[in-house]
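First listed ligand is number 1; within each ligand, the first listed atom is number 1. The structure displayed is predicted, hence computed values, not measured ones.
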Amino acid sequence: MASSITASPWWKTGVIYQIYPRSFRDANGDGIGDLQGIALQLDYLQWLGIQALWISPFYPSPMADFGYDIANYTDIDPIFGTMADFDHLLQEAHQRGLKVILDFVPNHTSDLHPWFVESKSTKTAPKRDWYIWHDGKPDGSAPNNWKSVFGGSAWEWDAHTRQYYYHGFLKEQPDLNWRNEAVQEAMYGVMRFWLDKGVDGFRVDVMWHLIKDTQLRDNPVNPDYTDNQPTYDQLLPVYSTDQPEVHTIVARMRQVTEAYDARVLIGEVYLPIQQLMMYYGAQNDGAHMPFNFLLVRLPWQPREIAATIDQYEGALPAEGWPNWVLGNHDNPRIASRVGEPQARIAAMLLLTLRGTPTLYYGDEIGMRDVAIPAEEIQDPQGLNMPDKDLSRDPCRTPMQWSGGDNAGFSPATPWLRIDKRYPRVHVERQRDDPFSMLSLYYKLIQLRNTEPALNKGTYMPVYSNDQLIAYRRDSPDGDSFLVVMNLTPRPCRYRQTGEPILSGQVIVATSPELENTHIGENIYLSGDEGIVARLARTDDRPTT
Ligand code: GLC
């Protein structure tokens, strides 16, 4: 019913699409993607059926962490274009009914941000307390044992003012002191700057890092650490992240966001389910959606996935709206993690579970991680821990638009190499191929957009075993879908045992041949096959 569809906010019913701007489309021919490039692809995004694009940072930055080190929060880096390009992009997106979500990076700035430059100039500078400065221990060593996510100590010695400053990430990314009111006000001001321009919301970078223990207590040792993990994981970050006071800050961000109509606040939070739920806020006054990375992190095993979905659903606060993420610019791509056939199942899962799906650019054509030779590695996480294979470059390669030069991404040599399979794997080719990954994504997104059962209905687990997962999605007006997916390469049978036996018609399947076929008591699936079936209403069934 149209009326009930319009009653839900857009960020609940629609699909979010993440763009890593360096790699989406290069319009000015310097080998690096830009805002004009994104504008060129809006028709594609509209066709695909997504509701919102979230764009990774494009603000002025020395690019030590490719834009996650910001030197000015309210401008555009010349690499990506100008403010006029941004205004144009926003307007063009809105004209097409697309929302634009910005990446907001409040935890740290670039070390070249004027705030930090002032802060480190002298111990008595007015902005000294905007960052986290501390004396060393009597022996001169760092104030505590905290580690940087990107390797090494999280403390950097400043010889000029003879104190250490804290950086949870690179030393070029000093952490702001969020206990300082002036910092808070400055950052809420940044949010208002963009909200006034009309952006539709924010994805807040490393939300759970914002506040640190006032006493700077040592983090405890992680007894489960293994050598192949980042060195950061040697300790449990119980004092450097996820402090109770963070929720007050998140609530303020929510207030700032909600002073405007129909905007969304999303938080990047990598925490176990129970702690994650806290980010919805005790009074439903936290993030609208703390990102749920379960599908990014879980082993690809049906029982475990089914159990975790139930756990997540069960842990949600009464007003909390679920969401699911399948990939992003920090993690291996889904097609590389589970293989291409299972990446199709993953798409079905992402787009039929209850809650807002976030999809990473290129996953819709099955882009894979690209091996980057050591001498071409650009990601600081990879460069700082060379023995651990942690570079995020492989999942950040340029989008494959066509079989032409540089995959249609740029007329120039791209900043990061393109998958050599691109002549076979690209948007242009897949758009016309009913068997392609893109066609599957397209159909699933269209179905999700038009069916309240899928975009807002209830979720009910039906069955899972070592091979398959089955669940139902039901809308209040009586429409129901059954999703059955085989998470292995071996054929399987799902024999319904419940009462009544569900019957219906397959609407979308990983293998298009199955579409329009009928399902009944026994559902047979080939390896790597999944179906979404519309269930016959009880009153539609022939009476016997
Ligand atoms: C987030 C971003 C990541 C970045 C880090 C530091 O985790 O997603 O790309 O490196 O924060 O800003």
Asks: Let me know which protein residues bring a heavy atom to under 4.0 Å of ligand 1; chain then number is fine for ordering.
Replies: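 Ligand 1 is contacted, at a heavy-atom distance under 4.0 Å, by D65, Y68, H108, F150, F169, Q173, R203, D205, V206, E268, H329, D330, R392, R396.
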Asks: Does P373 have any side chain to side chain contact (heavy atoms under 4.5 Å, CB included) partners at least two apart in sequence or in another chain, and if so, which?
Replies: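 So P373 forms a side chain to side chain contact (heavy atoms under 4.5 Å, CB included) with E375, E376, R417.
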Asks: Taking only Lys NZ, Arg NE, NH1 and NH2, and the carboxylate oxygens of Asp or Glu, determine whether K171 and E156 approach each other closer than 4.0 Å.
Replies: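 Looking at K171 and E156, the cut-off is not met.
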Asks: Taking salt bridge (Lys or Arg N to Asp or Glu O under 4.0 Å) as the test, write out the residues that go with R25, two or more places apart.
Replies: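 Result, salt bridge (Lys or Arg N to Asp or Glu O under 4.0 Å) vs R25: none returned.
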Asks: K123: what forms a salt bridge (Lys or Arg N to Asp or Glu O under 4.0 Å) with it, not counting sequence neighbours?
Replies: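 Expected list: none.
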Asks: How far apart are the C-alpha atoms of D379 and R392, what are their side-chain angles, what is the distance that settles it, and do they pass the salt bridge (Lys or Arg N to Asp or Glu O under 4.0 Å) test?
Replies: CA-CA 6 Å; D379 177 25; R392 297 167 294 180; 2.8 Å; yes
Asks: Compute both the distance and the angle, then confirm whether R333 meets the cation-pi test with Y361: under 6.0 Å from the six-membered ring centre, within 45 degrees of the axis.
Replies: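 That pair qualifies as a cation-pi contact.
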